[in-house]
Amino acid sequence: MATATLPLVLASGARLELGERLGSGGEGTVFAVQGAPTLVAKIYSGTVEPDRERKLRAMVGMGSPALDAVTAWPVDLVLSSGRLVGFMMPKAQAAKEAHILYGPKSRRREFPNAGFRFLVHAAMNVARAFAVIHERGIVIGDVNERLAMIDQDAVVRIIDCDSFQITAGGSHFMCDVGVPTFTPPELQGIPTFRGVTRTEQHDLFGLAVLIFHLLFIGRHPFAGRRHDSTADATIETAIKESRFAYSAHRERTRMEPPPHMPCLETSGALAQLFEASFAPSAASGRS
């Protein structure tokens, strides 16, 4: 990437030497940082818009030890010729994206010692990370299967923080993206997330989906068989209609789980929590 070859400095004034390329996405590339094994640098592919620059500057000022412990929160800005081109953040050491853990085949390969107790531990740590973020008035917005990085000790770090919805200095910076299969019923079908104010309740729906994935071998809670149709509905449609496939209230959902899946009703308090998270009335108070 051409940007990464330019002389780079941090907003704090230190020179920055990039190491190996660790990964890339639609917005940019993540690099190791020479002399700083616990940090990485995200370098954007294109020009950073003024609104994003203001957001990143605000986020650096909002940092805290608590956020640094559970997220890849921006800790410094990366500049080239005085122009912002990226930011520094804590590294998720030897961690894998959540979907690697909850996918049966990838779990056997990457987490060979991970049993159900480990999955429960990881799910609890994901929930704790969400709580730390929400306690600071921050909304994640784009909850998805790649959001949580999990290591061999079930330690969790939430990434892609630059897309979070934050409020700082009287300015509101929105999250303009989202994944439909992690989007709650009340937001299903909207043409764009641009300008939409997200809430913790929206995040908690995505969290419940992510935890369900972790505990139910990667199955989606709204993927099942409909009683009233010869063709199965899309997951997005099932979410919009609050048709939780594992619900005990099948007279309402007219859905049932896929064949050979464990019965949720035997899970006691866990079943009640999922029912509460995915019920039609959940938008007024998920927990």
Side-chain angles (χ1 to χ4, degrees), residues 1-97 129-130 132-142 144 146-151 155-177:
M1 179 178 298
T3 304
T5 64
L6 298 174
L8 301 174
V9 298
L10 301 178
S12 58
R15 287 289 301 271
L16 174 64
E17 296 292 338
L18 299 179
E20 66 175 313
R21 173 175 169 167
L22 301 176
S24 61
E27 290 186 330
T29 302
V30 176
F31 293 89
V33 177
Q34 294 184 18
T38 63
L39 298 173
V40 295
K42 178 174 180 178
I43 306 299
Y44 289 109
S45 302
T47 301
V48 178
E49 298 295 329
D51 195 53
R52 168 160 287 185
E53 179 170 348
R54 290 195 302 117
K55 180 179 184 179
L56 286 169
R57 291 187 182 277
M59 293 184 79
V60 170
M62 294 169 63
S64 70
L67 281 173
D68 290 346
V70 298
T71 72
W73 196 260
V75 297
D76 207 341
L77 304 178
V78 179
L79 309 175
S80 176
S81 301
R83 180 171 57 90
L84 189 144
V85 296
F87 63 92
M88 297 276 284
M89 57 185 169
K91 181 180 181 181
Q93 302 279 3
K96 306 291 182 181
E97 294 168 344
F130 272 57
V132 170
I133 293 166
H134 288 163
E135 284 169 0
R136 284 146 183 83
I138 301 163
V139 175
I140 294 170
D142 185 19
N144 61 72
R146 301 178 184 274
L147 178 76
M149 300 292 291
I150 305 172
D151 72 12
V155 174
V156 169
R157 190 179 294 277
I158 306 299
I159 63 171
D160 292 336
C161 300
D162 51 328
S163 72
F164 288 4
Q165 176 182 291
I166 68 166
T167 298
S171 296
H172 302 285
F173 301 95
M174 304 302 190
C175 174
D176 294 335
V177 291

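Both backbone and side-chain heavy atoms feed into the values below; hydrogens, waters and symmetry mates do not. The shown structure was predicted, so the numbers you read here are calculated from the model rather than taken from an experiment.
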For the CG atom of Leu77 and the CD atom of Glu53, what is their distance to the nearest 0.5 Å? 7.5 Å
For the pair Leu67 and Arg136, evaluate side chain to side chain contact (heavy atoms under 4.5 Å, CB included) and give the outcome as yes or no after the intermediate values. CA-CA 9 Å; Leu67 281 173; Arg136 284 146 183 83; 3.6 Å; yes
Measure the spacing between OG1 of Thr38 and NZ of Lys91 and express it to the nearest 0.5 Å. 9.0 Å
Taking all heavy atoms of Leu16 and all of Leu10, pick out the closest pair and write down the distance. CD2-CD2, 4.1 Å
Is any side-chain heavy atom of Phe173 less than 4.5 Å from a side-chain heavy atom of Thr167? no
Backbone N/O of Arg83 and side chain of Ser80: donor-acceptor pair under 3.5 Å: no
Asp76 and Val60 have their tightest heavy-atom pair at N-CG2, 4.0 Å
I need the minimum non-hydrogen distance between Ser171 and Arg54, along with the two atoms involved. OG-NH1, 3.5 Å
Any non-hydrogen side-chain atom of Val85 less than 4.5 Å from a side-chain atom of Val48? no
Specify the closest pair of heavy atoms between Ala168 and Met62, including all atoms of both residues, with the distance to one decimal. CB-SD, 4.2 Å
If you define the side chain from C-beta out and look only at heavy atoms, does anything of Val75 sit under 4.5 Å from Pro90? yes
Please evaluate residues Val30 and Arg21 with respect to the criterion side chain to side chain contact (heavy atoms under 4.5 Å, CB included), reporting the C-alpha separation (whole Å), side-chain torsions for both, the decisive distance (0.1 Å), and the verdict. CA-CA 6 Å; Val30 176; Arg21 173 175 169 167; over 6 Å; no
Report the distance from atom CG of Leu79 to atom CZ of Phe87, rounding to the nearest 0.5 Å. 13.5 Å
Got Trp73 and Met59 here, is their nearest side-chain heavy-atom distance under 4.5 Å? yes
With side chain to side chain contact (heavy atoms under 4.5 Å, CB included) as the criterion, how do Asp151 and Lys96 come out once you've worked through the C-alpha distance, each side chain's angles and the decisive distance to 0.1 Å? CA-CA 6 Å; Asp151 72 12; Lys96 306 291 182 181; over 6 Å; no
Determine the sole option in Val156, Ile133, Ile140 for which the side chain to side chain contact (heavy atoms under 4.5 Å, CB included) test with Thr71 is passed. Ile133
Would you list the atom pairs, donor with acceptor, under 3.5 Å between side chains in residues 158-166 and any protein atom, with sequence neighbours excluded?
residue : atom : partner : partner atom : Å
Asp162  : OD2  : Lys42   : NZ           : 3.1
Asp162  : OD2  : Tyr44   : OH           : 2.7
Ser163  : OG   : Asp160  : O            : 2.9
Gln165  : OE1  : Arg198  : N            : 2.8
Gln165  : NE2  : Arg198  : O            : 2.9

Which pairs count as salt bridge (charged side-chain N to carboxylate O under 4.0 Å, His left out) when at least one residue sits in residues 6-15, sequence neighbours excluded? Arg15-Glu17
Close side-chain approach of Met149 to Gln93, heavy-atom, < 4.5 Å: no
Test item: Leu22 and Val40 side chains (from C-beta on) under 4.5 Å apart, heavy atoms: yes
Is the side chain of Gln34 donor-acceptor paired with the backbone N or O of Leu18 at a distance under 3.5 Å, no angle test? yes
Looking only at heavy atoms, which two atoms of Asp142 and Leu147 are closest? And how far apart? O-CD1, 4.1 Å
Indicate the atoms forming the closest heavy-atom contact of Met88 with Ala41, along with that distance. SD-CB, 3.9 Å
